[in-house]
Amino acid sequence: MRKSFKTIALAGICGVAAVAAQAADDSQIAMVPGGPHPYFAAWEQAGADAARDFGLAAADYRVPQRWELSQQNQLLESLLSQGYNGFMIFPGDPVGAVSTAEELSENGAQVIAGAGCFKDPSPAAFCLGTDTGNSAYLGTKQLLAAMGDGEKRIAHFTGFLVDPNTQLRIDAVQKAADEAGATVVQVIADIDAPEPAEEKINAYLAAHAGEVDGIITTAWVPAVVAANALRKMGDSGIHMVGIDHDEVVLAAIKDGTIDGTMIQNPYGQGYIGAFALDKLRSGCTIKADAPFGANALTNKFIDSGTSFVDASNVDGYIDAMRAETDRILADFEATYLTCS
Amino acid sequence: MSVKDLSPPSGLTLSAYGAGLSRSRFFLSNEFGLILLIAVFVLVFALTARGFLSPFNLFSLGRNAAVNIMIGLSMMTVIVTGGLNLAVGAIGVSVAMACGWMIEVLGLPWPIAILGGLALGAALGFINGWTVVRTGLHSFIITLATMSIFFGVMIFLTRAEAFRELPDVFSAFGKMKIATYFSPLLLVTLACALALTWLYRFTVTGREMLAAGASPAAAELSGIRVGRVIVLCHMLSGVLAGVAALMLVTRNGAAIPSMAGQLGQDWLLPAFLGPVLGGTLLAGGKVSVLGTVLGAFLVTLLSSGLLMLQVGAFWVQTFLGLMLLTAVLLDKARRSYLARRNLA
Amino acid sequence: MMQISRLSRTDWFGPLLAILIAVTLIQSFSSTFLSAFNIQILLLAIAVNALVAYSQMIIIAIGQMNLSVGAIGGLAAISFAGAMEVWGLPAPLAAIFALVVGTVCGMVNGILIRITGISAFVITLATLSIYKGINLGITEAQPFYGIPDSVKAFGSALLIGPIPWLVVPTLMTTLALWVMLRRLPIGRFILAVGSNDHAAALSGISVGVTVVAAHAISGLLAAMAGVLIVARLQIGQPSIGDDWLILSFAAPVIGGAVLAGGHVSTMATLLGVVIVAIITQALVLFSIDPFLVQVVLGAMILAAVGLNRLRSRQPLKGGIQNG
């Protein structure tokens with residue numbers, strides 16, 4: 001299934017590579033997340049499309065076996081030895097992964113961070129991702145709006161503690177809550193996998209459902225589990241805003257179980273990332289005065305886009321994401337790169 | 001369970017009998033088999049995997065092997081007395097986090113923090129050993145419980161947050177290259193392995209450990225305080241686990257609570273593979289430091305090579321399990337063959 | 001007085017007492033503990049964990065240990081999910097397929113242990129890696145999402161009141177195990193082999209067949225747990241079973257199992273699972289740091305094993321002496 005897909009993609013690449021034109025035709029890009037996770041599935045397709053569209057030798061999606069830094073390190077070391085020369089990495093730890101990134105860079109590879117940032121200073125040319133802090137902030141604001149008046153007690157379910165984005169999200173939700181006079185009664189982190197999420201979210205709701213008015217989830221798996229839990233609980237009066245575009249979450253929006261979700265742009269990150277790495281390998285350099293954004297981890301941040309999706313626009317979200325990707329790609333080179 | 005070895009306990013499996021017998025013994029020995037396997041696999045991977053012999057790959061291979069060997073040595077010291085230490089990962093992570101805490105929160109200079117961390121490793125090992133001796137229960141269930149307790153307390157105290165502001169000397173040490181191919185971590189491991197060999201061959205304490213493992217009752221009768229010996233073994237195991245974890249910290253440049261997986265159980269497989277492949281019997285009484293080193297190196301070599309072969313990425317663990325199985329089967333066959341020849 | 005001292009010698013009395021005390025205490029502090037939703041959540045957890053505990057319990061009964069319980073469960077789980085998604089098998093057939101996979105894995109364990117004479121610890125450590133590796137090799141760490149609605153419904157639907165459908169297989173299994181260990185020959189053979197395999201062999205029991213059978217049953221139970229948890233989680237996640245090790249030992253040990261073999265109690269193991277579930281839930285209820293769950297589990301194992309040892313030192317009338 002997945003394997004045949006990859007074979008077709010590879011065959012396509014091999015076929016096109018012969019015809020490929022001005023791209024640095026030995027660009028072998030590797031796209032490496034921190035571990036297995038549904039969010040990055042889009043990177044695989046994005047890499048295949050980018051390799052085809054830009055004539056790359058390869059843009060392969062390679063996954064560490066577990067969400068563990070040493071697994072990611074071993075995989076990256078191995079990929080470097082196999083000849084990959086461009087890396088888009090979701091850091092397995094914002095600081096812990098820097099060492100390996102430095103080694104990749106010292107051996108001549110180009111490195112960028114995708115969907116999650118290294119902590120500066122790092123050898124990544126830039127970090128292309130969702131402004132997760134902002135996304136969480138906006139999501140919480142939407143949740144508070146949906147909750148209307150009355151008591152505002154929020155529970156926040158979020159991702160791995162080694163995920164560079166988790167702390168950004170925790171801080172952002174707190175900030176949004178403080179501004180509206182709401183309270184974050186509980187933060188449950190480290191549950192971005194089905195078993196711990198199911199266990200902890202259900203246990204929490206079973207124990208404290210009466211003390212919570214709204215749920216904000218800033219990680220994929222907790223969003224799915226919480227949406228299912230709310231459906232199981234029936235009419236609980238608890239509002240919820242989720243994240244990402246899992247089918248379960250989208251279905252829950254359509255039938256009214258939850259209020260909406262914050263969409264990210266994983267496909268765009270993969271596609272643009274591969275494009276940028278290829279350009280960097282072809283001799284382009286980052287402009288010294290490029291209009292980067294900044295977040296708590298890095299000053300070289302490029303926003304890949306986020307938006308709130310609710311029942312009114314849930315059917316057209318894919319097109320919205322594609323439009324965002326095209327927009328960024330259209331003037332990427334002009335904005336961020338100097339190519340001789 | 002396993003057949004207790006009849007040969008006298010020794011650090012390296014060289015025969016104490018005549019020289020003629022010892023040469024064929026050497027070629028039939030476990031260590032030689034491992035050397036052969038390593039050579040074969042290096043050849044196979046060099047030919048089939050692109051980039052396997054590149055300086056960077058060999059360097060990172062050596063670095064990863066150093067950590068795996070340490071983990072294997074940590075488990076080996078407990079297997080010698082016939083016990084098991086499932087808490088190697090949990091103790092290791094606790095030591096690393098304690099070291100990070102001492103540096104960041106207490107502001108201690110890093111050499112002191114390292115010593116403090118290792119002292120904690122010894123203390124946690126002491127708890128394991130003391131509990132085993134006092135209750136008379138098998139170390140399997142004791143360390144299964146303490147693995148949970150140590151890890152839980154560590155996670156609770158650190159709130160599962162990593163220590164990321166360590167001094168640069170850590171990551172510099174991790175990235176340092178000696179003669180392009182070697183990592184200083186290998187030197188640390190080598191030093192520990194040599195120290196352990198010296199312990200088991202030339203010191204009374206080492207001999208006592210082997211005797212206590214071979215037959216606790218006989219050892220007790222001949223005046224060895226078996227209880228004290230077992231506690232020492234566990235303490236040593238704790239310290240070595242701590243060294244392994246600190247090596248990982250230099251590799252990452254940060255002290256991360258998930259470095260050994262949930263409850264530290266990701267270290268269990270490498271911890272056993274090294275000693276078992278290397279010929280250290282689970283029944284105790286016999287140890288092979290060289291074998292453990294070679295075994296752990298072979299395992300790292302295999303994982304690295306499989307990872308490089310495009311087909312290998314997700315099948316590494318299967319191969320490691322098959323290797324463990326094959327190794328114990330071959331070892332059993334080898335020893336029963338030797339036993340028959342000795343009798344013939 | 002005699003009644004009480006006789007009761008206290010059974011395996012299940014202590015855990016039952018502990019449960020009653022715990023529930024009363026917790027309920028007095030927090031009224032939501034016995035709420036319908038909470039009971040439902042507890043039962044869902046117990047349904048799966050009980051099977052995991054039984055899987056290990058059978059092996060403890062023959063005096064060995066099975067480290068591959070989680071790996072077998074995970075492999076069965078993805079076999080179940082994969083058979084439905086990739087091969088399009090209907091749920092009952094896929095479930096049977098998964099159970100067969102689990103039983104075969106267990107039998108492989110048993111056969112290897114018997115033929116090679118190598119300790120169960122090493123063999124199951126090796127097979128743990130092999131099964132887990134096969135799991136990862138097939139799935140490449142990606143879960144199977146295509147779970148049919150009937151299975152999803154089974155995983156969350158309610159039977160009567162707060163009792164979910166998921167507990168039905170577990171209850172039936174509990175009964176079957178209880179009957180097996182008490183009445184059926186195979187059960188008695190297992191306990192006999194566990195308490196003294198030489199004596200068992202001398203009295204005509206085929207130790208080899210018994211060991212293989214015990215491991216096969218263990219594999220079957222682990223596979224059942226894997227199938228149930230797929231229904232509960234609603235996806236076929238490859239990481240299922242990764243943290244079953246501690247749990248698989250905690251419950252039987254709390255239920256009075258002797259690690260040397262020959263003495264286990266199905267009912268007491270079930271009560272052990274209930275205790276663990278209640279304590280875990282209580283920690284959440286009182287907003288105690290969830291990280292402490294691990295500490296509590298470990299402490300409970302130590303306490304239980306220590307207690308069992310003390311109990312076994314007292315002479316039992318007509319009971320089996322275990323040192």
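Lettering of chains follows the sequences in order, A, B, ..., and the numbering in each one begins at 1.
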Counting heavy-atom pairs under 4.5 Å to chain B, which of [options] comes out on top?
{"options": "Leu136(C), Ile115(C), Leu128(C)", "value": "Leu136(C)"}
{"options": "Ile113(C), Asp243(C), Ile123(C), Leu125(C)", "value": "Leu125(C)"}
{"options": "Ile134(C), Ile301(C), Leu297(C)", "value": "Ile134(C)"}

Mind checking the [atom1]-[atom2] spacing from [X] to [Y]? Nearest 0.5 Å is all I need.
{"X": "Leu245(C)", "Y": "Leu86(B)", "atom1": "CG", "atom2": "CG", "answer": "7.5 Å"}
{"X": "Trp315(B)", "Y": "Glu140(C)", "atom1": "CH2", "atom2": "CD", "answer": "9.0 Å"}
{"X": "Thr318(B)", "Y": "Ile130(C)", "atom1": "OG1", "atom2": "CD1", "answer": "7.5 Å"}
{"X": "Gln317(B)", "Y": "Asn135(C)", "atom1": "CD", "atom2": "CG", "answer": "9.0 Å"}

Requested in this report: Please report the C-alpha distance between Val328(B) and Thr116(C) in whole Å, then the side-chain angles of each, then the deciding distance to 0.1 Å, and finally whether the side-chain contact (heavy atoms from CB on, under 4.5 Å) criterion is met.
Outcome: CA-CA 9 Å; Val328(B) 288; Thr116(C) 64; over 6 Å; no

For [X], which atoms come within 4.5 Å of any heavy atom of chain B: side chain, backbone, both, or neither?
{"X": "Ala141(C)", "result": "both"}
{"X": "Leu112(C)", "result": "side chain"}
{"X": "Leu302(C)", "result": "both"}

Query raised in the report: Given the rule in the side-chain contact (heavy atoms from CB on, under 4.5 Å) test, do Phe121(C) and Leu84(B) qualify, once you have shown the distances and angles that lead to the verdict?
Result: CA-CA 10 Å; Phe121(C) 185 85; Leu84(B) 298 168; 3.8 Å; yes

Report summary line: Smallest heavy-atom separation, Ala145(B) atom then Gly298(C) atom, equals CB-O, 3.4 Å

Query - Polar side-chain atom of Ser148(B) near backbone of Val295(C) as donor-acceptor pair, under 3.5 Å - result: no

Query raised in the report: Non-hydrogen atoms of chain C under 4.5 Å away: do they reach the side chain of Phe140(B), the backbone, both or neither?
Result: side chain

**Report entry** chain C contact via Leu273(B) - side chain, backbone, both or neither, heavy atoms under 4.5 Å
**Finding:** neither

Heavy-atom pairs under 4.5 Å with chain C: which of [options] has the most?
{"options": "Thr146(B), Leu263(B), Leu268(B)", "answer": "Leu263(B)"}
{"options": "Leu320(B), Val276(B), Leu269(B)", "answer": "Leu269(B)"}
{"options": "Met323(B), Gln265(B), Gln262(B)", "answer": "Gln265(B)"}

Query raised in the report: Do His138(B) and Met65(C) pass the side-chain contact (heavy atoms from CB on, under 4.5 Å) test, and can you show the C-alpha distance, the side-chain angles, and the key distance before you say yes or no?
Result: CA-CA 12 Å; His138(B) 198 281; Met65(C) 52 190 77; 5.7 Å; no

